Amino acid sequence: MSAQLFVVATPIGHLDDMTYRAIDVLKSVNIIAAEDTRTSAQLLKHYNISTPLTACHEHNESNKIDILVQRLLNGENMALISDAGTPLISDPGFKLVRAAQEHNIRVIPVPGACAAIAALSAVGLPSDRFSFEGFLSSKQSQRILSLEKLKDQTATLIFYEAPHRILDSVKDMASIFGAERPVGFAREITKTFETIKKMTLGELVSFIEADHHQQKGEIVLVVGGATAEKDLEQEKLDQLLTRLLQDLSVKAASQLAADLTGIKKKVAYQRALELNQNNDD
Ligand code: SAM
């Protein structure tokens with residue numbers, strides 16, 4: 001008679017982001033496997049949950065798995081939580097979930113907060129396709145190699161970054177992806193000093209350099225994919241041409257747009273024709 005393993009998301013800052021179901025599950029299971037039992041004890045106290053905790057973190061996960069799986073096989077229901085957000089997302093838990101599956105134990109997700117998804121939902125960059133990259137290496141050479149590999153990726157990229165490395169990482173991104181690439185900076189999501197901004201990577205370097213508070217707390221970076229940059233250029237050109245076409249002919253508007261932006265006159269002319277045609281329709 002094997003039991004169930006619930007993978008339970010907890011808040012990433014604001015304690016009210018705990019779901020009713022998460023509280024019910026944490027109250028009803030026999031045991032909670034937590035990344036840091038002291039951190040989780042505070043959360044459980046806040047919700048009057050008295051279920052016993054056991055540690056399951058990156059340093060003991062491999063050794064602890066047999067014991068935890070055995071308890072599940074003995075019929076004890078178990079919840080897995082991390083310090084914040086969704087377990088397994090740049091957090092421990094993968095090995096336990098895999099082992100449970102291998103023993104035909106049902107694994108049940110209890111969804112909730114996740115910093116990557118919260119950031120993506122608010123920064124205003126394309127969300128139809130995205131790649132979660134987690135933490136970059138703390139070694140610059142390794143970080144640069146990883147960024148080079150991602151340079152032509154067209155999906156939106158999501159990174160977690162430590163505050164003391166944020167400036168170095170953003171500088172490396174600006175030099176590899178280009179200073180004009182759009183980026184969403186999501187800091188301290190759901191907390192008192194929540195800061196959510198969209199700008200270019202070049203602008204973000206200056207923003208962080210100018211205000212040391214931006215190098216504190218928890219941070220998610222959402223970087224526009226390789227095509228998002230082109231889309232942005234296209235959008236800017238369209239805005240410019242649309243305005244110029246209100247007062248000028250297609251030829252004059254495209255000539256002026258080409259002079260102002262540096263794009264080829266033929267390209268500007270073609271686009272001005274299309275926009276003019278759309279307006280006439
Ligand atoms: N499992 C968590 C989740 O679901 O988001 C992520 C855990 S990972 C160890 C911690 C990293 O997540 C932080 O360094 C930061 O990059 C990001 N993060 C967590 N909470 C955040 C918050 N409130 N605001 C911004 N980023 C956050």
Side-chain angles (χ1 to χ4, degrees), residues 5-19 21-22 25-26 32-40 42-43 46 55-61 79-98 107 109-125 127 130-138 143 146-147 150 156-170 172-173 183-199 201 204 207-208 211 213-223:
L5 172 64
F6 295 88
V7 183
V8 182
T10 57
I12 55 168
H14 200 305
L15 282 177
D16 290 355
D17 288 335
M18 186 82 167
T19 68
R21 186 168 167 234
V25 167
L26 293 181
I32 300 170
E35 185 184 4
D36 182 329
T37 51
R38 275 174 306 179
T39 304
S40 295
Q42 289 170 21
L43 181 82
H46 184 83
C56 179
H57 44 72
E58 62 175 327
H59 305 295
N60 78 349
E61 194 179 351
L80 170 70
I81 59 175
S82 60
D83 286 355
T86 303
L88 280 82
I89 308 301
S90 292
D91 265 341
F94 167 63
K95 289 176 189 157
L96 177 60
V97 166
R98 184 177 54 185
V107 180
V110 180
C114 174
I117 300 301
L120 182 66
S121 72
V123 296
L125 281 167
S127 53
F130 60 90
S131 173
F132 175 66
E133 299 297 328
F135 288 96
L136 286 163
S137 171
S138 55
R143 186 165 67 222
S146 306
L147 292 174
L150 293 169
T156 296
L157 304 167
I158 305 179
F159 299 92
Y160 284 166
E161 192 48 283
H164 61 278
R165 272 198 293 271
I166 189 70
L167 188 57
D168 288 343
S169 284
V170 176
D172 287 345
M173 286 179 187
V183 59
F185 177 75
R187 191 176 74 89
E188 295 286 90
I189 304 168
T190 76
K191 302 189 215 177
T192 311
F193 297 106
E194 181 179 86
T195 308
I196 296 182
K197 292 198 173 291
K198 187 172 80 171
M199 55 189 106
L201 281 168
L204 183 56
F207 177 70
I208 297 171
D211 177 4
H213 289 110
Q214 304 307 332
Q215 294 179 51
K216 288 182 180 159
E218 299 194 278
I219 300 163
V220 182
L221 289 174
V222 183
V223 181

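This chain uses plain numbering: 1 for the first residue, then up along the sequence. In this text the structure is predicted, and so the values were computed from the model without any measurement. Every number for a ligand or one of its atoms is a count from 1 in the order of the listing.
Near ligand 1, residues I12, A84, G85, T86, I89, S90, D91, C114, A115, F135, Y160, E161, A186, E188, I189, K191, E218, I219, V220 each place a heavy atom inside the 4.0 Å sphere around the ligand atoms.
L80 places none of its side-chain heavy atoms less than 4.5 Å from the side chain of V8. At least one side-chain heavy atom of S138 sits under 4.5 Å from a side-chain heavy atom of R165. Side-chain contact between F132 and F159: absent, with no pair of heavy atoms (C-beta onward) separated by less than 4.5 Å.
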Between K216 and E188, does the salt bridge (Lys or Arg N to Asp or Glu O under 4.0 Å) criterion hold? Intermediate values first, please.
CA-CA 9 Å; K216 288 182 180 159; E188 295 286 90; over 6 Å; no
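In this model, no donor atom of one side chain and acceptor atom of the other lie less than 3.5 Å apart for E194 and T192.
Side-chain atoms of T156 do not come within 3.5 Å of backbone N or O of F130 as any donor-acceptor pair.
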